[in-house]
Every structure is written in structure tokens, then in C-alpha cells.
Undergrad: 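This is the structure I have questions about; it appears just below.
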Amino acid sequence: MPNVYDELPYPGLPFSQTHPDRLATTATLLGMTPAAVDGCRVLELGCGEAGNLIPMAFTLPRSCFTGIDLSGTAIARGHDLVNELRLPNIRLEQLDLRDFDSRFGQFDYIIAHGVYSWVPPDAREQVLDICKTHLAQNGVTYISYNTYPGGHLRDAIRSMMQFHVAGVAGAAGAVEKSTRVRELLEFLVEASPAQDAYHAALQSELQSFLGRNPAHFFHDELNEFNYRFYFYEFVKDAGRHGLQYVSEAHPFSSLSATLPPAVTEKMRAFSPDDNIVREQYADFVTLRKFRQSLLCHDAVQFERRLDPSRVSQMLIVSEVQPAAAQPVIPVPSAEEFRYPKGGSISTNHPLGKAALLHLGRIWPAPIAFSDLLHTARDLAECRNAPLADDSAWLCDMLLKLYAARLAELHLHVPACPTSPSAKPLVSPLVRAQLRTSHSVTNLRHVAVSIDDEGSRFLLTLLDGTRDRTDLLAEMRRPFDGITAEQLETNLERLAKMSLLVA
Ligand SMILES: C[S@@+](CC[C@H](N)C(=O)[O-])C[C@H]1O[C@@H](n2cnc3c(N)ncnc32)[C@H](O)[C@@H]1O
């Protein structure tokens, strides 16, 4: 039976927060021992066309990936890309998750992104049942879902949208419903009366809906099923299945990291011993609408606090750049480092300055903690200081940067060259994706939009056989007048976007 996802396809995207590297990194910071990222078994429930799973399989050839989805057309699109890339380590199957059974075996990581809130209650129960039954002993599962109290306003808009499209029949009317809902949202934005606080909040929600991809918006907001839960309800349901809450996928999107200390203290007073209750209060304070929660088996022991010393096992990536052209490193004078996407950090600690300077220089390449430590000690000219003290200090600083989203921590990242080689080579995945879309997946599992025609054409030429002279000659055919400098700038930009493998 074709379903609504067959009639109006849901464009697949990569979600870095679901990547086994992210799940393993968070679990490791909490003292767990998850499976190695480059040799693990991953299951995705409701994988759609596998826009998330295929790039994972491409960059992790020693790991095995299984995806299931109810939509036959979505799975067929996934098969086309898997065949084109000749990926041997991924299996995609059209299947109702309620028919999932023991032949699929065990998994180290189970992902259900955009599914739990959007299926009927029996299928939702089955998501948790699969996570319990098919998760390896030290496994980690990721489930995203809509939450209250932030979701109440969305419920109100959903009721208005359902009223507006009530006469349009079932799945067959998906495209028409999508158009009519947009018409209603535009009407509501324009017709809204003078701004009191309630209408201001409503306007902001309506505007965010209008800014979304229409197909994503239709399925996310107008789906027949769209359940929202309080966090404590989700945790209780997981508990009935023998699963316990670990953290959010990014551990610092949990309560204490984002709220002022006075608020955190008050919540601690409400519930000194129960972190779940405190998380629930945090959702009240932040009016949270969506969660991306990690679960594990209830018998697994782990720390509730992130352990900075675990950073010493990790790879670090950061795009920070010094504000000054010539930052002074070995003396304790303050230097500012800025993150291009917003945010900055100032430090006068030579080791900290040296580490930040080096990370920015090599970006987007990752560096192992011990290499960063030694390079930073050299740059800071503090080779005689006790190594253990410097190591602990740097772990602590990097965890704070991670909390502020100024640095990434990883257990596994594919090698990303910092600059293009003599004969640049783009990832075959990117070349294949470009044939049908302007959105491609970079080596760090992030969607990148290639909107200008020049870059798209250049990417098709980067198959590792052409040097700068060849590339310039080919580029000049459709883009007469392009200079060698412009070509080089564009190649550098593509390397920084983590689209090149050489
Ligand atoms: C909102 S989409 C999310 C797709 C993808 N996970 C993502 O986030 O881009 C929900 C997906 O769940 C699938 N789905 C819904 N009910 C299902 C079921 N009972 N069994 C398997 N897949 C189901 C749909 O076909 C659709 O692809």
C-alpha cells in the first residue's frame, strides 16, 4: 500500500547528532564503553531514503548499516544511490517496523530520528521494544521526539491547519494539502492583530514554519500522527521497556549547561537527587519543543557527570580563528579567538592560546588530543611544565569549548585535507548526490548546499585526474574569464567545507 511518504517524498538529510561517532563520544564522556565507531553495527528505523545512513556507510567502510522504512519509493531511491556507490556495508529494506524480527540480529547503535512522535501508539511501543531487544549490551540508542510544554503552541497551529484542509482526501491529497496549508499560514501571518505577547509567539512560530522545506513541513506538522510528550513521560515509557535515559545527543543541550547557575540551583532544590525531574523543570523553563535523547540498557552503569579526563581519548576539531593578526602566545596576555558562526573566547593562558591557534590553522582537519597537547606546549614554550597538569588543564578547557559549541569532540572523523592537492579529488558520494540535488553531504556528515553553478561544475571535474592547468581550461569553457586565483580560492573553499578527499 503506498503511503503519504510515497506520494510526497521526504527529502533525506544527514543528521550529525545521530552519527555513531556522536553517540559514542557522548557515551564515552559519561564513562560508558560503547563499540568502536569504525567497526560497529548500526540500525536506523524509519530511515526514509537513507540520506542519513548512506553517508555513514560511505565514510565507515568497516561498519555495517541496516535501514528499514515503510515507504517503498523512499527505499528504492536509497537502493539507487547504494548501487551507484557500490556500497557493500549497507542493507535497506521496505518494512513496517511492527514486523521487525530476530533475523536482523543485534546492533551497537540504533537510531530513530523523526519517527517516535509520528507513528501510532503501537508502532511507538515497537520502537522501544526493538531498542531493548536488538541493542547490544553496551549499545546506545537515539530517539528524537516532540515535547511539551513548548509543543502546545504548535498543537494550536496544527488544529488550525487540520481545520483548513479537512475537505482534502487522505494521502492522495498530500500535495494539495501542502499548498493550502501554506496559504493559511501566510494568511495568519498577515491577519494577525496588534502584537500582544501571545501573538508575538504565534507569529514567530508561523514564520519558522513558512521558512521550512515544504515537504519536511508537511510531514512533520500535518502527519496523521503527531504526538508530543513531556520528557518524564518519555523516560517512564523507556523504563517500562528496560531502557534508561543517558543524556541528550549533544550532552550540553541538557539542563545545567545552558541555564544560569541560579536557575540550576533552584531546580536542584526542587529535586536534589533526581536528574530526570530536574531535566523536566529545565524543559518548563526553556519551553522545550524537541528532544534528541540517548538511552541504554537499564543495567548499564555510568557517571551522570561528564568526565573531562575522557577528552584525552578524543580527536578535536575547531574553526576558531585569532582576532589579532599576530597573536602573542608564550606570555600571559589576553588574546581573543572568534568562531566564524558566532561566539568568541578570550584567554591569557599560553597553553590555551597555543591550542586554539593550532586548531584554527589546521581546520577542518582533526587532531588527536596528545598531538594537540604536545604541539601547544611547543608553541607556548612551556615544555618544562608538568605534563600531567597541562594535560588536565587542556582537557578541561576543551570540554568547556565543546559545551559552548566552539569545538567538536570526536572518536572517529574521516581524514579531511586542509587544502586541495595538486589533482583535487571530491568524494564520490558528493558527485553522486549532485546529480539529483544541490544539497550534498560532506565528510563530517553535515549537509552542505552548493547553490552556485560554478562550484557545482567545478565539483564534477574534481575526479583526481586534473591538475590546475586542466581545471582552468575546462572551467573557462562555460565560465570565460575565470582566473587562476579565483579557481584556487574556490578549491580552498571546497576543501574547508570538507568536500574533498585529496
Ligand atoms: C518524518 S519521516 C523521517 C525520515 C528520516 N528518519 C528523517 O528524519 O529524515 C518518518 C519516516 O518514518 C517512516 N515510517 C512511518 N511509519 C513507519 C512504520 N510503521 N514502519 C517503518 N517506517 C515507518 C516513514 O515512511 C518516513 O520515512
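For ligands, and for the atoms within them, numbers begin at 1 and follow the listed sequence.
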Undergrad: What residue among Y148, Y245, F290 forms ring pair (Phe, Tyr, Trp, His ring centres under 6.0 Å) with F231?
TA: Y245

Undergrad: Could you tell me whether some N/O pair between L97 and ligand 1 is separated by less than 3.5 angstrom?
TA: yes

Undergrad: Specify the protein heavy atom at minimum distance from atom 14 (N) of ligand 1: its residue, its atom name, and the distance to 0.1 Å.
TA: L70 CB, 4.2 Å

Undergrad: So, for H134 and F100, is the gap between ring centers shorter than 6.0 Å?
TA: yes

Undergrad: So does E221 pair up with R158, basic N to acidic O under 4.0 Å?
TA: no

Undergrad: Hey, does G46 come in under 3.5 Å of ligand 1, counting only N/O atoms on both sides?
TA: yes

Undergrad: Quick test: of every protein heavy atom, which one is nearest to atom 9 (O) of ligand 1, and how far off is it to 0.1 Å?
TA: Y10 CE2, 3.2 Å

Undergrad: With heavy atoms under 4.0 Å as the rule, classify the contact between H219 and ligand 1 as side chain, backbone, both or neither.
TA: neither

Undergrad: Quick one: look up the protein heavy atom nearest atom 15 (C) of ligand 1 and list residue, atom name and how far away it is.
TA: V119 CG1, 3.9 Å

Undergrad: Quick check: D69 and ligand 1, any N/O pair under 3.5 Å apart?
TA: yes

Undergrad: Are any of the heavy atoms in D96 under 4.0 Å away from ligand 1?
TA: yes

Undergrad: With heavy-atom distances below 4.0 Å as the criterion, list the atoms of ligand 1 near E44.
TA: 6 (N)

Undergrad: Is the distance between the ring centroids of F229 and Y116 less than 6.0 Å?
TA: yes

Undergrad: Quick check on contacts: which atoms of ligand 1 are under 4.0 angstrom from a heavy atom of F15?
TA: 7 (C), 8 (O), 9 (O)

Undergrad: Is ligand 1 less than 4.0 angstrom away from at least one heavy atom of L95?
TA: yes

Undergrad: Would you say the ring centroid of H250 lies under 6.0 angstrom from that of Y402?
TA: yes

Undergrad: Among protein heavy atoms, which sits nearest to atom 1 (C) of ligand 1, and what does the distance come to when rounded to 0.1 Å?
TA: G114 O, 3.2 Å

Undergrad: What distance separates Q106 CD from Q137 CD, expressed to the nearest 0.5 Å?
TA: 10.0 Å

Undergrad: Are the charged groups of R91 and E93 less than 4.0 angstrom apart, N to O?
TA: yes

Undergrad: Centroid-to-centroid, H219 to Y5, below 6.0 Å?
TA: yes

